[in-house]
Amino acid sequence: MNEELKQKIREILLKRYGVDINEAVCRFSTQNYAFIFPEKPYMIRVSISPKKSRSEILSELMWVDDLKPFKQTICEPNPSLNGLLLEEFEIDGKLYRASMFRTARGNIKLTTEMKPMFFICVGDLLGAIHHVSTNERELGIKYSRKKMSDTFGELINRVKEKIPPEIEERIRAAQREVDALPEELGRYGICHGDFHINNFFVEENNIWLFDFDGCTYANYMYDVASFVQACFLMGYQAGEDCRKVLYDDILPYFKIGYELNKKCDGNYWEHLELFITYRVAMAYLSLLEIDECGVVDNLEQIKQFLGYVISQGDVLGAMTVALKKQAGGHKEGK
């Protein structure tokens with residue numbers, strides 16, 4: 001992060017929240033700066049205004065607040081010293097919006113520690129969220145958030161010149177399949193939008209969920225696919241067949257937790273592999289749009305990895321091949 005900009009933001013946030021971001025770790029995505037305070041029960045997110053409208057951010061905060069009564073491990077927004085959930089300020093002619101959130105207890109779960117009970121607990125959390133979403137949609141409650149299909153379309157058009165033709169066709173094919181699915185009550189509603197193992201902490205059997213910045217209207221399988229993709233990319237059962245791991249080691253336990261809260265018919269899970277493809281495509285397109293990332297230093301390598309996976313007809317098969325190759329390269333490096 002540019003040091004001059006950081007200090008300007010620091011002075012403003014110090015006055016409005018009473019905390020010093022020089023004591024925080026800064027993470028940057030394509031839309032936000034996240035200031036995470038080690039050993040402190042809060043974080044501050046600063047959004048660059050053109051990326052998210054005021055109504056979108058307020059709707060995110062409202063939805064998180066609405067989820068809290070149904071799941072206590074949702075990390076809720078916290079007001080500023082001015083009593084506001086959303087603070088706005090301008091620096092060098094650019095508008096920024098800041099929000100504080102209470103952060104999670106526990107830690108990110110290592111893939112080597114993922115056991116059946118972990119998948120049950122994660123499923124329980126996500127099933128509860130989707131259950132609330134279904135009830136809200138049935139009641140006609142509507143938040144000012146985009147549809148995932150619109151976000152996906154806008155993104156692919158922005159980076160179109162950077163996409164190799166063979167990869168673009170695979171992405172477009174997945175896009176057409178997803179867009180053709182009906183927005184069916186019970187399967188479609190507001191989702192977390194970025195549900196993966198870096199966005200929740202684990203405290204025994206409690207899953208503390210945060211970062212609802214990507215909440216969006218989508219098929220619920222998108223959230224499930226986000227979690228599954230992240231498990232594999234973070235190294236869960238590295239070197240094993242991804243499809244076998246999904247259906248033998250992850251999904252049976254995940255379903256137990258999920259279906260405690262969310263009613264599912266026999267065809268509920270039928271499009272999961274399509275949405276894993278769609279999620280990989282979304283991740284690839286998002287990385288094409290940025291030149292640097294505050295979280296990883298091997299951005300080009302990740303782009304190439306995801307580009308290979310999405311270019312193949314069988315994404316889970318391609319992921320198996322790529323992860324085995326990656327594991328082999330690490331062994332040779334040792």
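Starting from 1, each residue takes its place in the sequence as its number.
- The line from CG of Leu181 to CG of Leu274 is 6.0 Å long, rounded to the nearest 0.5 Å.
- Counting heavy atoms from C-beta outward, Cys26 and Ile21 have side chains that stay 4.5 Å or more apart.
- Remark: Glu136 does not engage Lys142 in a salt bridge, criterion side-chain N to carboxylate O under 4.0 Å.
- Gly106 approaches Glu203 most closely through the heavy-atom pair CA-CB, 4.1 Å.
- Glu154 has a carboxylate O that lies under 4.0 Å from a charged side-chain N of Lys146, or vice versa, which qualifies the two as a salt bridge.
- Judged purely by atom type and a 3.5 angstrom limit, Asn22 has no side-chain atom pairing as donor or acceptor with the backbone of Arg10.
- Note: Asp124 CG to Leu260 CG = 5.5 Å, rounded to the nearest 0.5 Å.
- For Lys68, the NZ atom is densely surrounded, since the number of other residues' heavy atoms within 6.0 Å is greater than 12.
- A distance of 9.0 Å separates CD of Glu168 from CD of Glu161, quoted to the nearest 0.5 Å.
- Counting only distance, with no hydrogens or angles, the side chain of Asp65 and the backbone of Leu61 share no donor-acceptor pair below 3.5 Å.
- Distance check: Cys231 SG to Phe254 CZ gives 9.5 Å after rounding to the nearest 0.5 Å.
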Test side chain to side chain contact (heavy atoms under 4.5 Å, CB included) on Met62 and Ile57; report intermediate values, then the result. CA-CA 9 Å; Met62 289 167 59; Ile57 294 174; over 6 Å; no

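- The ring of Phe70 has its center no closer than 6.0 angstrom to the ring center of His131.
- Taking the six-membered ring where the residue is Trp, the centroids of Tyr220 and Tyr268 are separated by 6.0 Å or more.
- Salt bridge present: Asp265 and Arg187 bring a charged side-chain N and a carboxylate O closer than 4.0 Å.
- Between Glu240 and Lys324 there is no salt bridge, since no side-chain nitrogen of the basic residue lies less than 4.0 Å from a carboxylate oxygen of the acidic one.
- Counting all heavy atoms, side chain and backbone alike, Ala128 lies closest to Lys71 at CB-CD, 4.2 Å.
- More than 12 heavy atoms of other residues, nucleotides or ligands sit less than 6.0 Å from atom CZ of Phe227.
- Here Lys94 does not pair with Glu90 in a salt bridge; the nearest charged N to carboxylate O distance is not below 4.0 Å.
- Residues Phe101 and Tyr42 fail the side-chain proximity criterion, which asks for heavy atoms closer than 4.5 Å.
- With salt bridges taken as basic N to acidic carboxylate O contacts below 4.0 Å, one links Glu169 and Arg176.
- Under the salt bridge (charged side-chain N to carboxylate O under 4.0 Å, His left out) criterion, no residue pair touches residues 228-238, with sequence neighbours excluded.
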Working note: Val132 + Ile190, criterion side chain to side chain contact (heavy atoms under 4.5 Å, CB included); need CA distance, chi angles, decisive distance, verdict. CA-CA 9 Å; Val132 174; Ile190 193 165; over 6 Å; no

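- Rounding to the nearest 0.5 angstrom, the gap separating the CG atom in Leu5 from the OH atom in Tyr96 is 4.5 Å.
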Walk me through whether Lys147 and Glu183 qualify under salt bridge (charged side-chain N to carboxylate O under 4.0 Å, His left out). CA-CA 10 Å; Lys147 291 182 177 182; Glu183 296 176 3; 3.0 Å; yes

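- Under the 6.0 Å cut-off for aromatic ring centres, Phe195 and Tyr222 do not qualify, their centroids lying 6.0 Å or more apart.
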Worked check of side chain to side chain contact (heavy atoms under 4.5 Å, CB included) between Leu13 and Asp20: CA-CA 7 Å; Leu13 296 184; Asp20 187 350; over 6 Å; no

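- Arg16 contributes a side-chain N or O that, together with a main-chain N or O of Glu88, makes up a donor-acceptor pair within less than 3.5 Å.
- Within 6.0 Å of atom CD in Glu204, 12 or fewer heavy atoms from other residues, nucleotides or ligands are found, so the atom counts as exposed in its surroundings.
- A distance-only check finds a donor-acceptor pair linking the side chain of Thr216 to the backbone of Met148 [under 3.5 Å].
- Atom OG1 of residue Thr151 and atom CG of residue Leu285 lie 12.0 Å apart, to the nearest 0.5 angstrom.
- By the neighbour-count criterion of 12 heavy atoms within 6.0 Å, atom NZ of Lys15 is sparsely surrounded, having that number or fewer from other residues, nucleotides or ligands.
- Note on Asp249 versus Lys115: no salt bridge recorded, every NZ/NE/NH1/NH2 to OD/OE distance being 4.0 Å or above.
- Side-chain heavy atoms closer than 4.5 Å link hydrophobic residues (I, L, V, M, F, W, Y) into clusters, and following such links, even through other members, never connects Leu95 to Leu86.
- Between Phe275 and Tyr278, the ring planes lie perpendicular to each other; the angle is over 60°, past the 30° to 60° tilted range.
- Val321 and Met319 fall within the same hydrophobic cluster, where Ile, Leu, Val, Met, Phe, Trp and Tyr residues are linked whenever their side-chain heavy atoms come under 4.5 Å apart, directly or through other members.
- Side-chain contact check for Ile156 versus Ile171: some heavy-atom pair is nearer than 4.5 Å.
- By the 4.5 Å heavy-atom criterion applied to side chains, Ile250 and Gln237 are not counted as neighbours.
- Tyr247 pairs by the ring-ring contact (aromatic ring centres under 6.0 Å, His included) definition with nothing, not counting sequence neighbours.
- Closest heavy-atom contact between Phe305 and Ala322: CE1-CB, 3.4 Å.
- One hydrophobic cluster holds both Val315 and Trp269 under the rule that ILVMFWY side chains link at heavy-atom gaps under 4.5 Å.
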Audit row: Ile36, Phe210, side chain to side chain contact (heavy atoms under 4.5 Å, CB included) steps and yes/no: CA-CA 12 Å; Ile36 302 168; Phe210 46 89; over 6 Å; no

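- Ion pairing between Lys6 and Glu3 fails under the 4.0 Å rule for side-chain N and carboxylate O.
- When hydrophobic clusters are built by joining Ile, Leu, Val, Met, Phe, Trp and Tyr residues whose side-chain heavy atoms come closer than 4.5 Å, directly or via intermediates, Tyr258 is not grouped with Trp208.
- Contact check for Ile129 versus Leu209: side-chain heavy atoms found under the 4.5 Å cut-off.
- Look at Arg97 and Glu87 and you find no salt bridge, because none of the NZ, NE, NH1 or NH2 atoms lies under 4.0 Å from a carboxylate O.
- Summarising the geometry of Leu85 relative to Asn78, their closest heavy-atom pair is CD2-C, 4.0 Å, with the distance given to 0.1 Å.
- Using a 4.5 Å heavy-atom cutoff, the side chains of Phe118 and Glu113 are not in contact.
- The two atoms that bring Lys262 and Gly186 nearest to each other are NZ-O, 2.7 Å, heavy atoms only.
- A distance below 6.0 Å separates the ring centres of Phe119 and Tyr236.
- Inter-residue side-chain proximity for Leu58 and Ser144 is flagged as unmet; no heavy-atom pair is nearer than 4.5 Å.
- A salt bridge is absent between Glu56 and Arg145: the closest approach of a Lys/Arg side-chain nitrogen to an acidic carboxylate oxygen does not fall below 4.0 angstrom.
- Residue Pro38 comes nearest to Ala24 through the heavy atom pair CD-CA, 4.4 Å, listed as atom of the first residue, atom of the second, then distance.
- Checked by atom type, the side-chain pair His130/Asp223 shows a donor-acceptor distance below 3.5 Å.
- Under a hydrophobic clustering in which Ile, Leu, Val, Met, Phe, Trp and Tyr are joined whenever their side-chain heavy atoms come within less than 4.5 Å, directly or via other members, Tyr253 and Ile276 fall into the same cluster.
- Looking only at side-chain heavy atoms (C-beta outward), Cys242 and Leu323 come within less than 4.5 Å of each other.
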